[in-house]
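For ligands, and for the atoms within them, numbers begin at 1 and follow the listed sequence. Here, residue 1 is the first one in the sequence, and each next residue gets the next number. Computed from a predicted model, the values in this text were never measured in an experiment.
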Amino acid sequence: MLGLMQDHPLLISTLLQHAATNHAKTGILSLDRDASGASLGTVTHTNYAELAKRAAKLANALDRLGIQRGDRIGTLAWNDQRHFELYYAISGIGAICHTLNPRLFPEQLTYIIRHAEDRWIFVDPTILLALEKIFDGIKDVPAGIVIMADRVPETKLAGQIQLLAYDDLIAAEADTYDWPIFDENTASSLCYTSGTTGNSKGVLYSHRSTILHTWAIASAEAIAMHRGTTLLPIVPMFHANAWGTIYAATMTGTTLAMPGPRLDGQSLYELITSSNTNYIGGVPTIWMGLLEYLRKSGNKLPAGMRGIAGGSALPPALSEAFWKEQGLRIDHGWGMTELSPVGAYNMPAKPLTQMSDDEIIAGTAKQGRPPYGVALKIIDDDGNELPRDGKAVGELVVRGSWVTSGYYKDDEANKTAFTHDGWFRTGDVSTIDEDGFIELVDRVKDLIKTGGEWISSIDLENLALTIPGIREAAAIPARHKKWDERPLIIAVRDEGAEIDADGVRDYLAKTLSKWMLPDAVIFVHELPHTATGKIMKRTLRDEYADYLEKHNLDQS
Ligand code: ADP
């Protein structure tokens with residue numbers, strides 16, 4: 001017997017309609033900027049009622065351009081109001097919002113646009129150059145390009161393709177739209193992995209998966225969003241949907257403080273204080289930049305702030321600095337583009353007032369536990385589930401309502417992406433404790449395998465970051481004749497710091513067994529980062545693979 005309940009499909013258009021009706025006064029706060037992106041020192045507020053009208057105008061314009069259901073529309077944009085409008089208008093009409101990452105290498109960007117067959121591309125004027133550079137390789141793909149501004153700037157694309165200005169495109173359109181009702185399993189958006197460990201692969205989200213994920217991350221098990229939240233998404237909207245925060249904002253009436261293109265510590269601090277931000281989300285590299293600025297300037301974050309770090313492991317040293325110097329407990333989260341992206345969130349086990357500093361800091365080391373809607377387990381090489389005891393280590397696999405069921409048009413990748421019974425293989429190696437908390441050991445590909453044992457690169461890096469004077473560190477393997485691989489540490493020093501390689505080794509030797517100590521510690525001015533702010537281990541591994549041999553270091 002079926003239940004006698006109404007059946008309304010879970011559609012993204014309903015989120016913005018909900019916000020316009022029930023949260024008409026909250027919306028987006030943005031710093032006003034000049035053409036170069038520099039702050040003018042004032043803030044503009046656009047509320048959800050106005051945003052819904054602008055999204056409706058855009059939807060009418062998309063119809064006029066001839067965009068059909070299922071068409072992919074590329075966006076090359078920062079976290080700002082027009083990008084927000086695109087998120088809702090494109091998905092709302094049944095087309096697919098394909099967020100493109102402007103920081104990818106030109107070849108990757110070309111590959112992705114061609115693979116997705118983007119019909120139109122919307123581009124921020126500050127990113128136009130990236131599109132100009134790859135234009136010859138993609139010019140047969142889109143029907144036209146819309147510049148996200150009030151006018152089309154001077155560009156060498158003029159005369160080669162139809163060019164429109166966003167504000168002109170929507171100006172004359174009606175500000176109401178009859179949002180269509182369709183199957184909630186319809187594709188809504190498309191995001192390619194940033195290819196930290198291989199080629200970019202497309203993850204195609206649905207309206208249903210998006211709404212279910214949104215409920216989970218907005219809940220008190222995760223960000224705990226509500227009308228009083230002002231959230232600064234530093235994680236880009238082109239990277240795994242800004243962790244879902246753009247949708248969760250309209251679901252809960254949260255105010256979004258949009259950072260635009262400037263993500264340096266000072267710009268972020270200016271936005272935080274002028275918008276009364278009380279929650280921020282970003283990768284550890286961004287938190288590091290903010291910390292550096294706060295230390296240098298002596299400024300303090302407003303009281304009562306919360307935030308999340310994810311995308312790569314949150315070093316305990318960073319967590320400690322924010323807690324002790326700024327009174328902010330960074331929540332830790334784990335996710336992947338393939339998971340919409342949130343797979344685990346680390347909420348404190350009890351109120352912070354009932355915990356010691358050490359407990360609070362240690363509590364952030366784990367990535368968290370899954371919200372209802374996704375299930376996690378660890379398996380051995382034969383696919384057997386391993387115990388949830390916080391000790392057994394295995395590959396983390398996942399299934400659930402917002403987990404990919406297969407990469408977009410990529411049969412090759414799909415052959416190995418799942419276990420025989422349909423769990424998605426994350427490629428991460430982890431423990432799970434009896435409370436369901438995961439603690440990542442490493443990516444399978446980043447483990448350092450030495451003489452039949454392995455060393456966690458995350459552990460080595462976290463420890464190196466507790467050394468005074470070390471700003472950033474990457475632990476990677478180098479080939480070794482006898483032990484196959486031996487660890488190296490590539491590190492960046494704080495300005496003026498005098499710590500040397502012996503100092504690092506002596507420090508590590510206090511905690512680590514001898515066989516875990518790096519064979520060499522190499523200082524560089526800067527580490528390479530991926531488009532999403534992660535250290536590019538693949539590049540470093542290639543560069544330093546033969547380091548021991550080249551430098552005649554002992555390999556006996
Ligand atoms: P890419 O695979 O291109 O880097 P993603 O952002 O989807 O793009 O990366 C997901 C991966 O990032 C995870 O599989 C994991 O290895 C890593 N990751 C994400 N969050 C964390 C975290 N909190 N701690 C350690 N690693 C993390």
Side-chain angles (χ1 to χ4, degrees), residues 99-101 103-105 108-109 111-112 190-203 205 213 217 222 234-244 281-287 307-316 318-319 330-347 363-370 374 376 378 395-398 402-404 407 410 413 417 424-432 437-447 456-462 465 474-475 528-539:
T99 48
L100 290 157
N101 182 338
R103 301 203 192 102
L104 290 176
F105 292 120
Q108 277 176 302
L109 209 48
Y111 166 81
I112 293 173
L190 176 64
C191 180
Y192 282 69
T193 64
S194 42
T196 309
T197 57
N199 281 334
S200 292
K201 296 177 287 255
V203 181
Y205 309 101
H213 175 261
I217 66 152
I234 312 175
V235 52
M237 289 168 73
F238 56 72
H239 181 218
N241 302 314
W243 297 344
V283 295
T285 325
I286 285 286
W287 284 95
I308 182 182
S312 53
L314 166 64
L318 186 62
S319 171
I330 307 181
D331 300 342
H332 197 173
W334 167 82
M336 300 181 76
T337 306
E338 290 87 337
L339 272 68
S340 302
V342 176
Y345 194 101
N346 181 338
M347 276 299 275
T364 64
K366 298 193 175 194
Q367 277 77 4
R369 60 177 152 216
V374 284
L376 302 175
I378 45 171
E395 187 185 357
L396 190 61
V397 294
V398 53
W402 52 85
V403 178
T404 182
Y407 293 107
D410 200 337
F424 173 72
R425 307 184 68 130
T426 65
D428 286 331
V429 179
S430 184
T431 59
I432 303 186
F437 277 79
I438 59 168
E439 182 163 12
L440 255 66
V441 171
D442 223 330
R443 289 192 182 214
V444 175
K445 290 179 186 165
D446 290 340
L447 281 174
S456 153
S457 66
I458 295 182
D459 282 354
L460 264 186
E461 288 157 8
N462 281 346
L465 288 174
H529 289 96
T530 66
T532 46
K534 305 182 192 196
I535 297 176
M536 269 164 88
K537 295 257 187 96
R538 203 158 39 134
T539 311

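Not a single heavy atom of T532 lies less than 4.0 angstrom from ligand 1. By the 4.0 Å heavy-atom criterion, P341 is excluded from the residues contacting ligand 1.
Between T364 and H332, the shortest heavy-atom distance links the atoms O-ND1, 2.9 Å. Taking all atoms of both residues into account, the shortest heavy-atom contact from P284 to S312 is CG-O, 3.4 Å. The minimum heavy-atom distance between W243 and A309, with the atom names listed, is CH2-C, 4.4 Å. Between S457 and K537 the shortest heavy-atom distance is OG-NZ, 3.0 Å. In terms of heavy atoms, A344 sits closest to I438 at CB-CD1, 3.9 Å.
The option from A313, S430, A240 that lies nearest to atom 25 (C) of ligand 1, judged by heavy atoms, is A313. Selection from R443, M336, K201 by nearest heavy atom to atom 2 (O) of ligand 1 gives R443. Of the listed residues (S200, P315, A344, G335), the one carrying the non-hydrogen atom nearest atom 10 (C) of ligand 1 is G335.
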Criterion side chain to side chain contact (heavy atoms under 4.5 Å, CB included) on H213 and Y205, from CA distance to verdict: CA-CA 10 Å; H213 175 261; Y205 309 101; over 6 Å; no

Test side-chain hydrogen bond (donor to acceptor under 3.5 Å, both in side chains) applied to Y345 and D331, step by step: CA-CA 7 Å; Y345 194 101; D331 300 342; 2.6 Å; yes

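The only option from V398, I378, V444, V403 that meets the side chain to side chain contact (heavy atoms under 4.5 Å, CB included) definition with T426 turns out to be V398.
Taking every non-hydrogen atom of H239 and a distance limit under 4.0 Å, the qualifying atoms of ligand 1 come out as 6 (O). Shown in contact with L440 at under 4.0 Å from a heavy atom are these atoms of ligand 1, numbered in order with element: 25 (C), 26 (N). In the vicinity of G333, heavy-atom distances shorter than 4.0 Å reach the ligand 1 atoms 20 (N), 22 (C), 23 (N).
Taking only nitrogen or oxygen atoms, main chain and side chain alike, I458 does not reach within less than 3.5 Å of ligand 1. The N/O atoms of A309, backbone and side chain alike, include none that comes under 3.5 Å of an N/O atom in ligand 1. Residue Q367 has at least one nitrogen or oxygen atom sitting less than 3.5 Å from a nitrogen or oxygen atom of ligand 1, judged on distance alone. Annotation: K534 places an N or O atom under 3.5 Å from an N or O atom of ligand 1; distance criterion only.
Under 4.0 Å from ligand 1, the heavy atoms of S312 that appear belong solely to its backbone. Contacts between D428 and ligand 1, counted as non-hydrogen atom pairs separated by less than 4.0 Å, involve the side chain only.
Residues Y192 and L104 fail the side-chain proximity criterion, which asks for heavy atoms closer than 4.5 Å.
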